[in-house]
Each structure stands twice: as structure tokens, then as C-alpha cells.
Amino acid sequence: MKLLVTGGAGFIGSNFILYWIKNHPDDKIVNLDKLTYAGNLENLKEIEKNQNYSFVRGDICDAKTVNNAMQEIDFVVHFAAESHVDRSIAEPATFVMTNVIGTQVLLDSAVKNNVKRFHHVSTDEVFGSLELNNSNKFNERTNYNPRSPYSASKAGSDYLVRAYFSTYGLPITVTNCSNNFGPYQFPEKIISLAITNILENKKIPIYGDGLYVRDWLYVEDHCRAIEAVLQKGKIGEAYCVGGLTEDINNLEIAKKIIKILGKDESYIEFVKDRPGHDRRYAVDWSKIKNELGWQPLYSLDEWLEKTVKWYTENESWWKAVKTGEYQRYYEKQYGRN
Ligand code: NAD
Ligand code: DAU
């Protein structure tokens with residue numbers, strides 16, 4: 001089988017390629033990635049010479065590049081996106097371009113080339129925001145209510161994917177997953193930012209009151225969920241994917257990381273809130289569990305320990321990332337530090 005992975009140099013895409021090559025060594029993988037600030041070929045160093053792996057640097061908005069990469073592809077696994085909410089608030093245009101137009105360009109090419117599956121990696125953020133202190137969770141029947149330029153652009157891409165199934169019969173599947181964490185995450189997202197900031201003896205910036213709740217999914221569990229959907233998922237269906245967490249807020253996450261690293265709570269710094277900040281996410285993943293037999297392997301605490309260890313042992317990876325563009329972004333987002 002031959003897979004086209006878009007955005008394979010990013011956080012989840014690179015973890016997915018490493019996972020897939022390890023578990024399906026006979027499959028071929030083409031990685032199409034523009035290498036924006038978030039793309040990093042260092043993540044794929046251990047497989048760069050593998051004969052079944054090839055890399056194409058290109059933009060998913062460019063129909064010619066996409067069409068060339070799509071030749072003889074069986075499955076497309078579409079990760080490429082602008083993925084950070086704060087950046088979408090500062091500069092929404094690139095989010096619409098990559099996430100909406102780029103997805104449509106890929107879909108056109110997938111139809112033209114008769115791919116056997118187009119799997120779209122989406123997010124629970126398309127469902128909007130839940131209230132604190134209630135037991136509601138997002139599921140596959142929850143109405144879309146995106147509230148940031150990022151989630152609106154992902155919702156747009158989800159609708160296009162569904163439309164290509166209804167209109168052109170493209171065999172699609174979609175996963176809407178919660179917040180991922182793990183190795184190779186760009187240190188702009190809260191867990192990788194918190195760990196690396198403490199390792200640099202800097203504070204963790206906590207937005208607003210810190211009582212915002214996210215559902216936490218370890219990246220390898222997410223890769224296993226996509227594998228289950230590719231192998232056993234029903235064409236035309238969406239699956240919600242989440243972690244083994246029960247309403248843990250950002251402050252509690254920060255405190256757990258501080259404790260693992262043996263520091264004290266003076267590392268917490270409350271900063272200005274994110275505009276339109278979604279209060280709570282919680283994901284009901286019973287459909288993928290009941291229908292495809294998937295569930296997360298370990299608890300948040302176990303995966304968090306493992307993640308902190310990875311960043312502690314891979315300082316050269318994140319130190320190289322926290323330079324240049326990153327410093328300018330950090331200063332603009334948080335002020336001097
Ligand atoms: P990321 O920002 O780490 O990586 C995105 C990758 O896409 C980068 O390698 C980048 O170079 C590439 N890319 C961006 N624009 C491109 C373009 N125009 N053409 C080709 N490549 C381009 O993102 P991530 O966290 O790995 O997320 C991957 C996917 O999963 C995204 O679609 C995101 O919406 C979705 N998702 C992420 C999370 C999460 O917690 N990180 C949760 C739910 C869903
Ligand atoms: O829910 C899935 C989504 O999770 C994905 O679709 C997105 O691609 C991914 O970026 C992530 O979005 P969030 O906005 O939830 O992740 P982020 O790590 O930016 O923020 C997590 C929580 O932490 C959120 O409540 C905001 C808060 N936060 C974040 C940062 C960067 C802080 O308090 N301080 C910070 O500096």
C-alpha cells in the first residue's frame with residue numbers, strides 16, 4: 001500500500017510516519033510538507049534513508065505539486081494545516097488558505113486519482129465550547145460551533161471533505177480528536193511550552209484564571225486511532241478521539257508538570273487571556289471504542305511522565321526550535337521574558 005501523508009514533518013504527522021513505518025514496514029509513504037515554522041525534518045531523521053519513505057517539499061494549495069504527489073496513492077492521510085489558535089487570532093488569512101483551500105485542492109486531486117481513502121485529521125474544536133462543571137461531552141452528533149479562526153477553518157475543511165463524499169463519492173473518513181501531547185510538539189502549545197520553559201528556568205504563562213479544561217490525548221494513542229479508522233472505519237463516517245482524562249484544567253496540568261520536574265509553583269505566571277477562549281472541551285470516544293475496538297493505552301499521568309522525560313532527554317531538538325522566528329513570536333505573544 002502507498003500512503004500520501006500531508007504535513008508529515010509536523011508534530012502529529014511525524015509521529016504518525018514513525019509509527020506507521022515501524023508497524024507497517026512494507027508500505028510506502030510519501031510525505032508532502034511545505035516546511036512552515038512548524039515543519040521539522042529532524043523529527044524524521046531515523047527514517048529519512050528508508051527506501052519506502054520519500055519527502056516532497058510543497059504546498060497543498062499548489063494543484064500541480066499535489067497532483068504529482070498523488071500518483072499511485074492508495075490512502076491519503078491529511079494532517080497539513082496551520083494548527084495554533086493564538087496564531088490564527090493574529091493572522092487568520094493563512095489558516096483559511098491552507099486549511100480550507102489546501103484541503104479542497106487535495107480533495108480534487110484525490111477524486112481525479114481515484115484514491116481508495118481520504119482520511120481527514122480534524123479537531124474537537126469545531127464543536128465549540130462546553131460549560132464548566134457539567135457532564136456534557138462532544139460526540140459525533142454534536143453540532144458544529146467553531147469560535148476561533150483556526151476552528152472555523154477546520155470546520156470549513158470538514159464540511160468540504162463530507163461534501164466530496166456526498167457529491168463525488170470520494171471514500172472519506174474523518175477523526176475529530178482532542179488536544180495531543182508528546183514528543184516533537186512545537187513548543188507553542190501549552191504542554192511542550194510549559195515543560196521547555198521550566199527546563200530553561202522560565203515561567204509558564206497561564207491565560208486568564210487557568211480554569212480552562214482540555215481533553216488530553218497522547219500522540220501515539222492518536223496514531224493508533226487513525227490506524228484503526230484506516231483499517232476498520234466505515235466510509236463516510238467521522239470518529240471522535242479523546243484521552244483518559246476527566247476535566248483537568250490548565251492550572252492542574254501546569255502543577256503536574258512542575259511536580260514531575262521537582263520545581264515549585266512560583267513557575268506559574270498568570271497572563272492576559274486569549275480572546276474568545278473556549279472554556280471546556282470533553283470528548284466522548286465511545287463510538288471508536290465500541291465499533292473499532294480502540295482506546296487509549298495509558299493514563300494522562302503515565303503519558304505526561306514519559307513526555308517530560310522525552311523533552312528532558314532531547315534538549316537539542318527543542319533548543320534548536322526555540323530560536324529565530326520562535327523568539328519573535330514569543331515576544332509578540334507574551335511580551336519580553
Ligand atoms: P503542526 O502545526 O505541528 O504541523 C503542521 C504541519 O503542516 C507542518 O509540518 C507544516 O509545515 C505543514 N504545513 C502547514 N501548511 C502547509 C501547506 N500549505 N502545505 C503543506 N504543508 C503544510 O500541527 P499538528 O499539531 O501536528 O496537527 C496536525 C493536524 O492535526 C492538523 O490538521 C490539526 O488541525 C490537527 N489536530 C491537531 C491537534 C493537536 O493537539 N496538535 C488536535 C486535533 C487536531
Ligand atoms: O482541541 C484540539 C486542539 O488543541 C487542536 O485542534 C489545535 O491544533 C491545538 O493547538 C490545540 O488547541 P488549544 O488552543 O486547546 O491548545 P493550546 O496548547 O494552545 O492551549 C491549551 C490550553 O492552554 C488552552 O486553554 C489555552 C491555554 N494556554 C495556552 C498557551 C499557549 C495557556 O494558558 N497559556 C499558553 O501560553
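Read the numbers this way: they start at 1 and go in the same order the structure lists the ligands and their atoms. As the structure is a computational prediction, the values presented were derived from the model and not from experiment.
Shortest contact from atom 25 (O) of ligand 1 to any protein heavy atom: F11 CD2, 3.7 Å. Among protein heavy atoms, atom 21 (N) of ligand 1 sits closest to K34 N, 3.0 Å. For atom 4 (O) of ligand 1, the nearest non-hydrogen atom of the protein is G10 CA, 3.4 Å. Scanning the protein for heavy atoms near atom 33 (C) of ligand 1, the closest one is Y150 OH, 3.6 Å. The single protein non-hydrogen atom nearest to atom 23 (O) of ligand 1 is S83 OG, 3.3 Å, given as residue, atom name and distance. In terms of protein heavy-atom proximity, atom 15 (N) of ligand 1 is closest to T98 CG2, 3.5 Å. In terms of protein heavy-atom proximity, atom 44 (C) of ligand 1 is nearest to S122 O, 3.2 Å. Protein heavy atom in closest approach to atom 19 (N) of ligand 1: I60 N, 3.0 Å.
Using a 4.0 Å cut-off between heavy atoms, I190 contacts ligand 2 through both its backbone and its side chain. Contacts of Y207 with ligand 2, taken as heavy-atom pairs under 4.0 Å, involve both backbone and side chain. Of all the heavy atoms of K154, none lies under 4.0 Å from any atom of ligand 2, so neither backbone nor side chain is involved. At a heavy-atom distance under 4.0 Å, only side-chain atoms of L193, from C-beta outward, approach ligand 2. With a 4.0 Å cut-off on non-hydrogen atoms, A81 does not touch ligand 2 at all. The part of N250 lying near ligand 2 is the side chain, judged by heavy-atom distances below 4.0 Å.
Which parts of ligand 1 touch D59 is read off a 4.0 Å heavy-atom cut-off, strictly below it: atoms 17 (C), 18 (N), 19 (N). Per-residue contacts place Y334 under 4.0 angstrom from the following atoms of ligand 2 (heavy atoms of the residue considered): 30 (C), 31 (C), 35 (C), 36 (O). Interface atoms of ligand 2 facing H84, defined by a heavy-atom separation under 4.0 Å, are 19 (O). When each atom of ligand 1 is checked for a heavy atom of L35 under 4.0 Å away, the hits are 11 (O). Residue contact check: Y212 has heavy atoms under 4.0 Å from atoms 25 (O) of ligand 2. Less than 4.0 angstrom separates some heavy atom of D124 from each of these atoms of ligand 2: 1 (O), 2 (C). Counting the atoms of ligand 1 from 1 in the order shown, those under 4.0 Å from a heavy atom of N179 are 40 (O). Each of the atoms 32 (C), 33 (O), 34 (N), 35 (C), 36 (O) of ligand 2 lies under 4.0 Å from some heavy atom of P205. The contact set between ligand 1 and K154, taken as ligand atoms under 4.0 Å from a residue heavy atom, comprises 31 (C), 32 (O), 33 (C), 34 (O). Under a 4.0 Å criterion applied to the non-hydrogen atoms of I206, ligand 2 contributes the atoms 33 (O). Atoms of ligand 2 lying under 4.0 Å from any heavy atom of E188, numbered from 1 in the order shown and given with element: 31 (C). Applying the 4.0 Å criterion to heavy atoms of K189 picks out, from ligand 2, the atoms 10 (O), 18 (O). Which parts of ligand 1 touch G39 is read off a 4.0 Å heavy-atom cut-off, strictly below it: atoms 8 (C), 9 (O), 11 (O).
Between the choices T36, V121, D33, N99, the shortest heavy-atom distance to atom 30 (O) of ligand 1 belongs to V121. When the options S192, A81, G7 are ranked by their closest heavy atom to atom 5 (C) of ligand 1, first place goes to A81. Counting heavy atoms only, R274 comes closest to atom 17 (P) of ligand 2 of the residues Q185, H277, R274, E269. Heavy-atom proximity to atom 27 (O) of ligand 1, evaluated over I12, N43, L106, is greatest for I12.
Considering backbone and side-chain N/O of S83, one or more are found under 3.5 Å from N/O of ligand 2. Residue D278 places no N or O, backbone or side chain, under 3.5 Å from any N or O of ligand 2. Of the polar atoms of C177, none of the N or O atoms is found under 3.5 Å from an N or O of ligand 2, judged by distance alone. Residue contacts with ligand 1: E82 is placed with no nitrogen or oxygen under 3.5 Å of a nitrogen or oxygen of the ligand (distance criterion only). Considering backbone and side-chain atoms together, N179 places an N or O closer than 3.5 Å to an N or O of ligand 2. Close N/O approach between T123 and ligand 2 is found [any backbone or side-chain N/O within under 3.5 Å].
Seen from the ring of F181, R214 does not count as a face-on cation partner, given the 6.0 Å and 45° thresholds. A cation-pi arrangement, defined by a distance under 6.0 Å to the six-membered ring centre and an angle within 45 degrees of its axis, is absent between R274 and Y207.
For Y184 and W310, the ring centers sit closer than 6.0 Å to each other. The six-membered or imidazole ring of F186 lies near that of Y326, with a centre-to-centre distance under 6.0 Å. Ring-centre distance between F75 and H119: not below the 6.0 Å cut-off.
With rounding to the nearest 0.5 Å, the separation of OG in S122 from CG in D158 is 3.0 Å. Distance NZ/K202 to OH/Y330: 6.0 Å, rounded to 0.5 Å. The line from CD1 of I248 to CG of L251 is 10.0 Å long, rounded to the nearest 0.5 Å. Between the CG atom of L18 and the CG atom of N23 there is a distance of 11.0 Å, given to the nearest 0.5 Å.
A donor-acceptor pair shorter than 3.5 Å can be found between the side chains of R87 and Y37. With no hydrogens or angles considered, no side-chain donor-acceptor pair links Y150 and D86 at under 3.5 Å. Side-chain contact annotation: N197 with K322, donor-acceptor N/O pair under 3.5 Å present. Side chain to side chain, Y53 and N31 meet the donor-acceptor criterion of an N or O pair below 3.5 Å.
Remark: Q231 CD is packed, more than 12 non-hydrogen atoms of other residues, nucleotides or ligands lying under 6.0 Å away. Counting heavy atoms of neighbouring residues, nucleotides and ligands inside a 6.0 Å radius, atom CG of N134 exceeds 12 of them. With a 6.0 Å radius and a threshold of 12 heavy atoms from other residues, nucleotides or ligands, Y298 has its OH atom at or below the threshold.
A 4.5 Å side-chain heavy-atom check between W317 and T196 finds every atom pair outside the cut-off. In this structure the side chain of W294 never reaches within 4.5 angstrom of the side chain of V229, judged on heavy atoms.
Judged purely by atom type and a 3.5 angstrom limit, K287 has no side-chain atom pairing as donor or acceptor with the backbone of L292. Side-chain atoms of N113 come within 3.5 Å of backbone N or O of S109 as a donor-acceptor pair.
Listed here is the closest heavy atom pair of A9 and L41: CB-CD2, 4.1 Å.
Distances shorter than 4.0 angstrom occur between a heavy atom of S178 and an atom of ligand 1. Judged by the shortest distance from any of its heavy atoms, F79 lies inside the 4.0 Å radius around the atoms of ligand 1. In this structure, C177 is part of the shell of residues with a heavy atom less than 4.0 angstrom from ligand 1.
Each of D284, V283, D124 was evaluated against C240; a single residue qualifies, V283, per the side chain to side chain contact (heavy atoms under 4.5 Å, CB included) test.
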